[in-house]
Amino acid sequence: MKLMASKKKRDYQPFEDMLRGLRKRLQGDVQSMSDAALHGGDADGDLSHVPTHLADQGTDAFDQEFTLSLVENDEETLQQIDAALERLRTGQYGDCLECGKLIPKQRLSAIPFTAYCVTCASKLQS
Ligand SMILES: [Zn+2]
């Protein structure tokens, strides 16, 4: 028995996957940056273990590239991703926090952790 079954069904699974993938990648980046800081002394000549996972991620690479190009502050983005995952759990994901309208999936595909529709986002930014 699934408690979520009574909820209005919206197909946000792909966005959840994107959010989780993005979260992992950002956390990985944060961690490798700390590692580099901790082991700064022997950074030279250590290029043999540069992770190749970036090259291996064939699927949805273009989405992630696009999303990551918008990422300026990893920590802030992680918080936004966590908030978006929380909204997925509570069934509020995809609703604009400002006006309550549905955020178009096209926008969610570009920025899966956004909490606002285009109109409200541009209002809030100005
Ligand atoms: Zn809105």
Side-chain angles (χ1 to χ4, degrees):
M1 183 171 101
K2 285 187 178 174
L3 290 171
M4 297 294 286
S6 60
K7 279 220 169 261
K8 218 186 317 175
K9 182 147 186 188
R10 294 178 191 162
D11 184 18
Y12 287 137
Q13 187 63 46
F15 302 118
E16 182 170 357
D17 292 345
M18 279 172 72
L19 285 164
R20 292 191 189 285
L22 195 58
R23 190 171 188 280
K24 253 187 232 167
R25 185 154 156 186
L26 282 172
Q27 283 185 319
D29 287 349
V30 169
Q31 202 176 2
S32 60
M33 281 194 292
S34 327
D35 284 352
L38 285 171
H39 305 292
D42 58 58
D44 287 345
D46 210 19
L47 291 174
S48 56
H49 351 67
V50 167
T52 54
H53 66 272
L54 294 184
D56 292 339
Q57 282 180 348
T59 59
D60 294 329
F62 62 97
D63 282 336
Q64 293 208 342
E65 291 304 322
F66 182 58
T67 306
L68 284 173
S69 70
L70 301 168
V71 170
E72 287 171 2
N73 183 322
D74 284 0
E75 233 170 272
E76 196 182 314
T77 307
L78 271 175
Q79 284 172 8
Q80 291 184 323
I81 290 170
D82 281 343
L85 286 168
E86 180 60 29
R87 291 197 300 278
L88 273 164
R89 267 196 293 277
T90 58
Q92 293 169 303
Y93 183 78
D95 295 339
C96 173
L97 290 187
E98 186 71 13
C99 69
K101 287 181 188 161
L102 278 180
I103 302 170
K105 284 193 175 180
Q106 206 177 5
R107 174 166 169 77
L108 291 172
S109 302
I111 318 172
F113 48 82
T114 189
Y116 302 105
C117 69
V118 182
T119 312
C120 294
S122 60
K123 248 190 277 178
L124 290 167
Q125 270 167 15
S126 58

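This chain uses plain numbering: 1 for the first residue, then up along the sequence. Counting starts at 1 for both ligands and their atoms, in listed order.
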remark   = SG (C96) and CZ (R107) are apart, to the nearest 0.5 Å, by 8.5 Å
With sequence neighbours excluded, residues passing side chain to side chain donor-acceptor pair (under 3.5 Å) with Q79 = none
key: Protein-derived N, O or S atoms lying under 2.8 Å from the Zn ion (ligand 1), waters excluded   = 4
task = Check the pair D11, K105 against side chain to side chain contact (heavy atoms under 4.5 Å, CB included), reporting the backbone distance first and the verdict last.
result = CA-CA 10 Å; D11 184 18; K105 284 193 175 180; 4.0 Å; yes
inquiry  = Is it true that, when you exclude Q106 itself, more than 12 heavy atoms of the residues, nucleotides or ligands shown sit nearer than 6.0 Å to its CD?
reply    = no
task = Determine the minimum heavy-atom distance between F15 and P112, stating which atoms define it.
result = O-CB, 4.4 Å
ask   = Are Q92 and L97 close enough that some pair of their side-chain heavy atoms sits under 4.5 Å apart?
value = no
